[in-house]
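Note sheet for the following structure.
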Amino acid sequence: MLASALGSGTKVSYCSEKDTLDLLVSMLRNGGGEKNGGGALKAFGEKLGKLLEESGGTTVASAEVEALFSEQDEKLRDRIASVAKKAGKRLKGFHSMLPLLLRKGHEDFTWPDFEPSPQNIEALASKKVLCVGAGGLGCEILKNLALSGIKNIVVIDLDTIDLSNLNRQFLFRRKDVGKPKAQVAAEFIEKRCPGVKVEWYMKKIQEFGDSFYRQFSVVIAGLDNIKARLWLNAKLFSLIQFDEDGDPEPDTIIPLVDGGTEGFKGQARLFFYPFYSCFECSAADVQAGPKFELCTISTMPRIAEHCIAYALLVQWPNLEEFRNHKEYKLRAVKNLPKDATEEKDFVDSKAPNSVKLDKDNPEHMTWLYERAKQRAAEFKISGVTYNLTMQYVKNIIPAIASTNALISAACTNEAIKYLTHCSPIFNNYFFYSGQTGCYTRTFEYKKNPNCFTCGAQKITVEIKASSTLGELKDQIDKKYAVETTAFATQTMTTLFNKGLRITENLVKPLEDLLPKGGAKLVMSARKLGFSQASNFTLIVQMMD
């Protein structure tokens with residue numbers, strides 16, 4: 001009968017028989033997971049739910065429930081019993097989540113619409129979550145999601161497994177070296193957590209369209225790439241639809257949870273568009289990798305990194321031929337011009353193209369290490385090692401497994417809190433520092449009113465009056481990572497329009513095009529990687 005089908009699920013701690021029936025009703029109303037829609041199951045779920053509402057204290061073994069079950073034909077009873085078994089197993093499998101999802105706590109500690117019920121488990125199981133990255137953070141996030149009740153997961157990662165990954169990326173084994181990270185991680189999770197489905201892709205996130213991202217309830221990113229974060233941030237914000245009053249449609253909001261670690265430090269951030277600041281609001285505060293003045297690395301290096309930078313930025317571009325790290329042909333390096341600001345200033349423009357650097361090629365990395373060691377010996381500098389060369393050239397961020405575990409747990413917690421409404425989400429930045437003890441801090445990153453993604457549609461630029469319109473365009477494109485497609489005056493006189501091929505003003509000085517001191521322009525631009533452009537008010541402040 002129905003009671004025996006539910007089985008041991010009725011005996012789970014914190015869960016009454018009434019709770020078990022509530023979960024069964026929820027699963028039946030969703031079609032019991034059947035691909036054909038489960039119309040008959042949905043109808044039975046409605047009847048059972050109505051019976052529970054009318055009787056109040058109905059139990060699994062009550063005469064009313066068994067009578068309703070017995071009225072159904074044999075085939076439907078078998079299907080209902082199958083769903084009941086799933087309900088029992090689900091309660092038993094995720095019993096550790098029940099105290100949280102059944103908690104009848106104070107309203108200050110939950111969302112206003114939170115209802116304590118085992119149905120929250122079904123709500124989790126029906127959601128789809130995207131995990132971007134299957135590395136140190138990604139492995140932990142995937143494990144946490146699967147063990148927290150998420151049944152539908154998609155993971156994207158471009159990398160293959162390297163031997164050096166195995167000390168902290170615990171979903172991989174030595175036999176997996178060389179295989180796609182996303183594939184191995186997905187297969188491991190599916191094997192370890194029966195009932196969890198993990199789709200995997202080894203593609204760039206930019207290759208997926210709007211319809212792909214719209215299927216997710218939340219996105220968690222464990223990336224080590226700022227450009228990818230900016231693109232994902234802009235993509236998810238662009239999917240929000242607004243009603244006639246300018247309010248966002250709740251069903252179109254897809255929050256982004258972002259995590260990052262470096263040694264004993266880490267951070268977890270929640271971007272709840274459009275209410276919280278977005279990633280781009282604070283992108284200027286993100287520290288880039290070490291950069292040195294070219295005059296320093298070429299004339300007076302002082303540390304090991306200066307020597308590695310010289311090998312990478314100055315010597316490698318002057319390679320004419322390369323067979324291996326011992327057999328190569330190197331052009332003489334040009335003398336440094338006084339006004340040199342870029343690597344190309346060291347290279348003879350008439351010389352043939354240099355050898356393309358492959359950062360995953362051991363011969364290439366060994367050559368850079370040998371050249372850096374040679375230069376360090378010349379200037380009596382110690383500390384150049386192969387590992388340091390790899391770290392500088394590939395911008396490798398030191399990773400510690402325990403820090404990854406802590407930050408990925410924080411990221412997953414925020415996703416679970418958002419999906420179930422069982423607890424308030426944080427607003428909006430969590431920082432962990434384990435270098436000097438155990439220190440954490442949570443604070444709100446304010447919105448940037450000049451943010452190109454979520455801020456007011458107005459930006460201000462200071463530029464010399466003698467600069468050309470093209471230089472103004474280049475300055476905006478570089479600062480905001482956009483492609484400016486049009487400039488027009490407030491009276492809609494076109495100064496530049498890429499689509500209409502109006503480009504003659506790009507070479508003209510701003511002082512010949514705009515009033516003295518500056519002007520307000522209408523500007524059209526699109527984020528890199530996006531086809532749709534947006535209009536902005538551009539305030540140009542010209543300086544003498």
For a quick test of your reading: what N or O donor-acceptor pairs under 3.5 Å do the side chains of residues 214-226 make, sequence neighbours left out?
residue: Gln215; atom: OE1; partner: Lys128; partner atom: NZ; Å: 2.7
residue: Gln215; atom: NE2; partner: Phe212; partner atom: O; Å: 2.9
residue: Asn225; atom: OD1; partner: Lys227; partner atom: N; Å: 2.8
residue: Asn225; atom: OD1; partner: Ala228; partner atom: N; Å: 2.9

So Leu495 and Leu506, side-chain contact (heavy atoms from CB on, under 4.5 Å) or not? Walk me through it. CA-CA 8 Å; Leu495 299 176; Leu506 290 177; over 6 Å; no
Parallel, tilted or perpendicular for Phe322 and Trp316, by the 30°/60° rule?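 Phe322 and Trp316: tilted rings.
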Compute the centroid of each ring, for Tyr429 and then for Tyr445, and state whether the two points are separated by less than 6.0 Å. yes
Is it true that His364 and Asp358 share a donor-acceptor pair across their side chains at a distance under 3.5 Å? no
Between Tyr201 and Asp157: side-chain donor-acceptor atoms closer than 3.5 Å: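 No.
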On the ring face of Phe271, is Arg269 found with NZ or CZ under 6.0 Å from the centre and within 45° of the axis?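 No.
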Passes side-chain contact (heavy atoms from CB on, under 4.5 Å), Trp111 versus Ile425? Steps please. CA-CA 9 Å; Trp111 290 42; Ile425 53 179; 4.1 Å; yes
Quick check: are there more than 12 heavy atoms from other residues, nucleotides or ligands sitting under 6.0 Å from NZ of Lys520?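 It does not: Lys520 NZ has 12 such atoms or fewer within range.
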Residue pairs passing the salt bridge (charged side-chain N to carboxylate O under 4.0 Å, His left out) test where at least one lies in residues 403-422, sequence neighbours excluded: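 Pairs touching residues 403-422 that pass the test: Glu414-Lys417.
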Just grab all the salt bridge (charged side-chain N to carboxylate O under 4.0 Å, His left out) pairs involving residues 249-259, residues at least two apart or on different chains. Arg229-Asp258
In short, side-chain hydrogen bond (donor to acceptor under 3.5 Å, both in side chains) pairs touching residues 461-475 with sequence neighbours left out are Lys473-Asp477
Would you call Glu140 and Lys143 a salt bridge, using N to O less than 4.0 angstrom?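 Yes, charged N to carboxylate O under 4.0 Å.
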Minimum-distance pair of heavy atoms, taken over all atoms of Ile381 and Cys307: CD1-SG, 3.8 Å
Output a table of donor-acceptor pairs, distance under 3.5 Å, between side-chain atoms of residues 507-516 and any protein atom two or more places apart or on a different chain; print 'none' if there are none.
residue: Lys508; atom: NZ; partner: Asn505; partner atom: OD1; Å: 3.1

Set of residues satisfying ring pair (Phe, Tyr, Trp, His ring centres under 6.0 Å) with respect to Phe275, sequence neighbours excluded: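 Once residues adjacent in sequence are excluded, the partners of Phe275 under the ring pair (Phe, Tyr, Trp, His ring centres under 6.0 Å) criterion are Phe272.
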